[in-house]
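Structure first, then comments.
Predicted, not measured: the structure shown is a model, and the values here were computed from it. These values consider heavy atoms only, across backbone and side chains, with no hydrogens, waters or symmetry-generated copies. FYI, the numbering just counts along the sequence from 1.
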Amino acid sequence: EEKLDRQREAWAVCRTVTEEKIEANHDIPKEEMLGIVKQFASNYGFAERHIKTAEQSIDRYTEMRSRVVETREKYPDDIELVNKLTGVGFTEADKSDFTVGVGPMSFEISCSGSNAARIYEKAYEEAHGKSGKPIPKFEGGGFLFKSPGLESVLYIVINNDYAKYSRFYAATIPHEKQHYKDRVLSLSSKDSIRADAKKRLNRGMLGFLRHRVGEQLFGFERDFEDELWQRYESQKNQEEKAFLLGEYMRLRREHALNQAKEEIMAMKAEDLPRYNWHKSFFEQGPDSYDFLAYLRDHEEKKTDALWQETAERVLVNEYRKIILAAVAAFDDLENLGYTKAETIAILTDKRLPDWPKTVKRLAAQKQAKS
């Protein structure tokens, strides 16, 4: 474990060094980035899977960088470029309101809150397949979306009206940049189904076929969420039904935890003092990040006692504990002397529930050395 922890520390430094090189030179050659990884791998004995992960991140960066550069070359006019990215349809009369920059992995569009609102509404419609609630003016600092189409690129929109809140305005770009680092450079972490739940799903003829034939013989990836849902819906035994529902909600919760993890790291990247900001993940309101409302408030289950009871336990109480423990673990890691960038790099491939355990191990290792 000590060796693995040393490798994790080295991996964090390797990632931050690579990111610094990218910031200094957006068109850094791929070979130079691979050289950095190979040097660290040689010195610290990275496992093959870590080297492969690094190579995949570098490949994703160079691909996204190429798309950004090619798109800018194809659309040298700012309004044409903004229209291509957003699909809104701005005119030459709007041109003076826009400033377009080219970042390492995304475009950075600055404009007024009213035009930011037009972009946000259109992007929401593209992302969700439905129109959002019309807003006359975007009130936040900014947001990150991707352009429509197969060869999509990321773009940040910065609300210039937010400049009156100078400290928060200055933090908007670091916040949104952390988002695109997570989406381009990081592999998403996920939780697998628990052994006891999988064992129950493997019962019966259908379970046997899915496991022995589908998984083992043909290597198919099973949709355990769907299987749990189907079993839960058809199950008559209340004890079994409660178990299946709890496991289904736990797997659905994992998506929300991944979203929360990305948002936590983006907020931490701002380097601003925020008080009780973590409550925005489990308190409802206009500025909250309530990623589980759709599941808790399932229209057909509003009067279902088992659903409501399980949602309160899994999606509210357990979810809150996981987030509070993860935020505390992040702060503890910084207090051990790691930089913010190193802390993010150490934790980025770990699930939120695993952050406290990871930090505890690193703290014990540091204490043993002192």
When you measure from the side chain of Arg60 to the backbone N and O of Val184, does any donor-acceptor pair fall under 3.5 Å? yes
Closer than 4.0 angstrom, basic N to acidic O: yes or no for Lys302 and Glu299? yes
Going by the rule side chain to side chain donor-acceptor pair (under 3.5 Å), which residues pair with Asp354 if we only count those two or more places apart in sequence or in a different chain? Arg351
Under 3.5 Å, is there a donor-acceptor pair between the Glu9 and Tyr338 side chains? yes
Before accepting this row, confirm whether a basic side-chain N of the pair Glu70/Lys74 lies closer than 4.0 Å to the acidic partner's carboxylate O. no
What residues join Phe46 in its hydrophobic cluster, counting side-chain heavy atom gaps under 4.5 Å, either direct or through other members? Trp11, Val13, Val17, Ile36, Phe40, Tyr44, Ile51
Can you establish whether the number of heavy atoms outside Tyr165 located under 6.0 Å from its atom OH is more than 12? no
Could you work out, with ring-ring contact (aromatic ring centres under 6.0 Å, His included) as the rule, every residue matching His26, not counting sequence neighbours? none
Shortest non-hydrogen contact from Lys261 toward Thr348: NZ-O, 2.7 Å
Please check this pair: side chain of Asp290 against backbone of Phe281, looking for a donor-acceptor N/O pair closer than 3.5 Å. no
Considering residues, nucleotides and ligands other than Tyr120, do more than 12 of their heavy atoms fall under 6.0 Å from its OH? no
Leu347 versus Val359: any side-chain heavy-atom pair under 4.5 Å? yes
Applying ring-ring contact (aromatic ring centres under 6.0 Å, His included) as the test, list every pair that has at least one member in residues 235-264; sequence neighbours left out. Trp229-Tyr248
Derivation and outcome, salt bridge (Lys or Arg N to Asp or Glu O under 4.0 Å), residues Asp349 and Arg8: CA-CA 10 Å; Asp349 66 331; Arg8 178 162 289 277; 2.9 Å; yes
Taking side chain to side chain donor-acceptor pair (under 3.5 Å) as the definition, give me every residue that meets it alongside Thr91, ordered by chain and number, with sequence neighbours left out. Asp94
Mind telling me whether His298 and Trp307 have parallel, tilted or perpendicular rings, with 30° and 60° as the class edges? perpendicular
Check this for me: does any side-chain nitrogen of one of Glu48 and Lys52 sit under 4.0 Å from a carboxylate oxygen of the other? no
Hey, are the side chains of Tyr289 and Gln259 touching, using non-hydrogen atoms and a 4.5 Å cut-off? no
Looking at side-chain heavy atoms only, is the closest gap between Thr339 and Thr343 below 4.5 Å? no
Minimum heavy-atom separation for Leu362 to Leu336, with atom names? C-CD1, 4.4 Å
Just so I know, are the side chains of Ser280 and Met267 near enough to count as touching, which here means a heavy-atom distance under 4.5 Å? yes
Hits for side chain to side chain donor-acceptor pair (under 3.5 Å) against Asp332, two or more places apart or cross-chain, chain-then-number order -> none
Residue pair Tyr155 / Ser106, side-chain heavy-atom distance below 4.5 Å: no
Go through it in stages, so that I can follow the logic: the residues are Leu34 and Glu55, the test is side chain to side chain contact (heavy atoms under 4.5 Å, CB included), and I'd like the CA-CA distance, side-chain angles, deciding distance and then a yes or no. CA-CA 7 Å; Leu34 288 171; Glu55 290 173 345; 3.7 Å; yes
Start with the C-alpha distance between Asp161 and Ser112, add both sets of side-chain angles, then the distance that settles side chain to side chain donor-acceptor pair (under 3.5 Å), and finish with yes or no. CA-CA 6 Å; Asp161 295 347; Ser112 62; 5.2 Å; no
Applying side chain to side chain donor-acceptor pair (under 3.5 Å), which residue pairs with at least one partner in residues 29-38 are found, sequence neighbours left out? Lys30-Asp59
Run the side-chain donor-acceptor check on residues 144-154: report pairs under 3.5 Å with partners two or more places apart or on a different chain.
from: Ser147; atom 1: OG; to: Val153; atom 2: N; distance (Å): 2.9
from: Ser147; atom 1: OG; to: Val153; atom 2: O; distance (Å): 3.4

Set of side chain to side chain contact (heavy atoms under 4.5 Å, CB included) partners for Tyr75, sequence neighbours left out: Thr71, Glu80, Leu81, Lys84
Which pair of heavy atoms, one from Lys301 and one from Glu233, lies closest together, and at what distance? NZ-OE1, 3.0 Å
What I'd like to find out is whether the side chain of Glu125 reaches to under 4.5 Å of the side chain of Glu121, using heavy atoms alone. no
Under the rule for side chain to side chain donor-acceptor pair (under 3.5 Å), what residues qualify as partners of Arg72, not counting sequence neighbours? Asp78
Minimal heavy-atom distance between Asn83 and Gly89, with the atoms involved, is OD1-N, 3.2 Å
Could you tell me which non-hydrogen atom of Gly246 sits nearest to which non-hydrogen atom of Thr310, and how far apart they are? CA-CG2, 3.7 Å
Residues that Glu262 engages under side chain to side chain contact (heavy atoms under 4.5 Å, CB included), provided they are two or more places apart: His179, Asp182, Arg183
Give me the atom names and distance for the closest heavy-atom approach of Leu315 to Leu292. O-CD1, 3.7 Å
For Val37 and Ile58, what are the C-alpha separation, side-chain angles and deciding distance, and is it a side chain to side chain contact (heavy atoms under 4.5 Å, CB included)? CA-CA 10 Å; Val37 173; Ile58 290 168; 3.9 Å; yes
Sequence neighbours left out, cut at 3.5 Å: what donor-acceptor pairs do the side chains of residues 316-327 make with other protein atoms?
from: Asn317; atom 1: ND2; to: Glu312; atom 2: O; distance (Å): 3.4
from: Glu318; atom 1: OE1; to: Arg253; atom 2: NH1; distance (Å): 2.7

Verdict with reasoning, Lys340 to Glu334, per side chain to side chain contact (heavy atoms under 4.5 Å, CB included): CA-CA 6 Å; Lys340 196 172 292 292; Glu334 269 199 288; 3.2 Å; yes
Side-chain touch Tyr180/Met64, heavy atoms, less than 4.5 angstrom: no
